[in-house]
Amino acid sequence: MAKFPKNFLWGGATSANQIEGTFLEQGKGWSTADIDKFIPKEQRKSGPADNLVKRADVEFAMHDKKGIYPKRNGIDFYHHYKEDIALLAEAGFKMFRISISWPRIFPNGDDKEPNEEGLRFYDKVFDECRKKKIEPLVTLSHFEMPLNLVLKQNGWLSRKTVDDFVHYADVVFNRYKNKVRYWITFNEINVLEMSGFTSGGILADNIANRKEARYQAAHHQFVASALAVKKCHEIIPNASIGAMIARFESYPKTCNPKDALANVRANQNNLFFSDVQIRGYYPSYIKRFFKDNDIHLKINDGDKKILREGTADFLAFSYYSSMVAISPDATEGEKLTSGNLKLSFQNPYLRSNDWGWQFDPIGLRIALNELYDRYQVPLFVVENGLGAKDKLSKDNRIHDDYRIDYLKQHIEQIGEAYQDGVEIMGYLIWGCIDLVSASSCEMSKRYGIVYVDLDDYGKGTLKRKKKDSYYWYKKVVESNGLIL
Ligand code: BG6
């Protein structure tokens, strides 16, 4: 039996706000990502915060002349897209995941007419992909939204944002119906559970129950996603449109039933989002969680039907590291470590990268098995990779064997999961071209197999360079995963 399916979609992934640049040009409006400031490591608080952004913070950032806001410039993909897509094509990429910047299409989010220049830009990107035989996978919302909708109606906390989003989705589905067949509605929708601003555009002013606000925003995103799925099927009958979560594979620390129960809760907390989007209804366990946290959602008549009729075709997920669950009465003295937007207790069996993210290739095989058991829909690993500090060596090359080792081990486990019977659509390396970090706005946390000459302070030639991992991945793709 082949290690990987015949039409396996090998490739890489990015997001608009981390690569494009062209801040407030070509008709683009302010994005929530444009106010993300670079903070040097020494000044950073450990781990991801509750993402408390207030109106005053937004207004400050919009007028700040001193701070560094790297997502405004990205890696200037806007002007390098041809060169970048050519590099990916040369590595044999079958798929390239990008996102559309909503404020590039609707600068204020609620404009009547879209910005033609913005639409034209993505036309060019998709045409270039097609020319190079690369299938684009497009995320409608990847950690950004028009800032105007935040200031005007508090982002996803408002039901009105559902209509604005569906209008945007309708416009891009119609425009790109002959160019894009694979879509994702929201990037890592479950990140809303901890990051109200990044994922939900919620301002922290006057919010009495932040948890409730985040779950209300999630409800609006579920409805918007389901409506977009339905629309996508009507407008592009041969399209496949998926939901996406950040998978936090979790293990109980011990076989103490209390730890096992904490692990069940951790999984429910993570999978609530895909439960709604894949099954089409709220799972029964969430009632107790809402009761315990005094969460009362406003759910319109008809929402249940919308959720039922708009279930996603596949489940995409990101996977970087795993977590450890410990009974709440036994956590004293346990050490925490960072992960993808979430802290975890440390796992003594795993190694970490420089940011404390503990990597766990076998956890990916477990995740694939568990998610497939639970949903029985095709799965797609749309983000995985190693954030590391790459150095140019004396021969002017980047010898990133540590990245090759990381990717190799994860790909091996995907092959194993496929042998286990899991239906897997493909594998995309996160940040296949170095890009601005989502959480820290650094450039020095690099994921790419293509290096970009740019530092944390926006200095550099922007020249692209193939790393050792580039040549290695090319062989992996060519051999459909047989040569690792
Ligand atoms: C995921 C996001 O959470 O992780 C990406 O979808 C992000 O946008 C990636 O870049 C890695 O996180 P970071 O913080 O290292 O950039």
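For ligands, and for the atoms within them, numbers begin at 1 and follow the listed sequence. Every value quoted in this text rests on a predicted model; they were computed, and no experiment measured them.
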Would Lys459 and Asp455 count as a salt bridge (Lys or Arg N to Asp or Glu O under 4.0 Å) if you check the C-alpha gap in whole Å, the side-chain angles of each, and the deciding distance to 0.1 Å?
-> CA-CA 5 Å; Lys459 303 241 163 23; Asp455 70 12; over 6 Å; no
Test salt bridge (Lys or Arg N to Asp or Glu O under 4.0 Å) applied to Asp34 and Lys71, step by step = CA-CA 6 Å; Asp34 292 333; Lys71 291 177 186 169; over 6 Å; no
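Protein residues having at least one heavy atom under 4.0 Å from any atom of ligand 1 are Gln18, His142, Phe143, Asn187, Glu188, Tyr320, Asn340, Leu341, Trp357, Glu383, Trp430, Ser437, Ala438, Ser439, Lys445, Tyr447, listed by chain and number.
In this structure, Met145 and Gly155 approach most closely via the heavy-atom pair CE-CA, 3.8 Å.
When atom types are taken as modelled, the side chain of Asn270 and the backbone of Phe248 share a donor-acceptor pair closer than 3.5 angstrom.
Between Phe4 and Phe8, the two ring planes are tilted [angle within 30° to 60°].
Between Phe272 and Tyr215, the distance separating the two ring centers is shorter than 6.0 angstrom.
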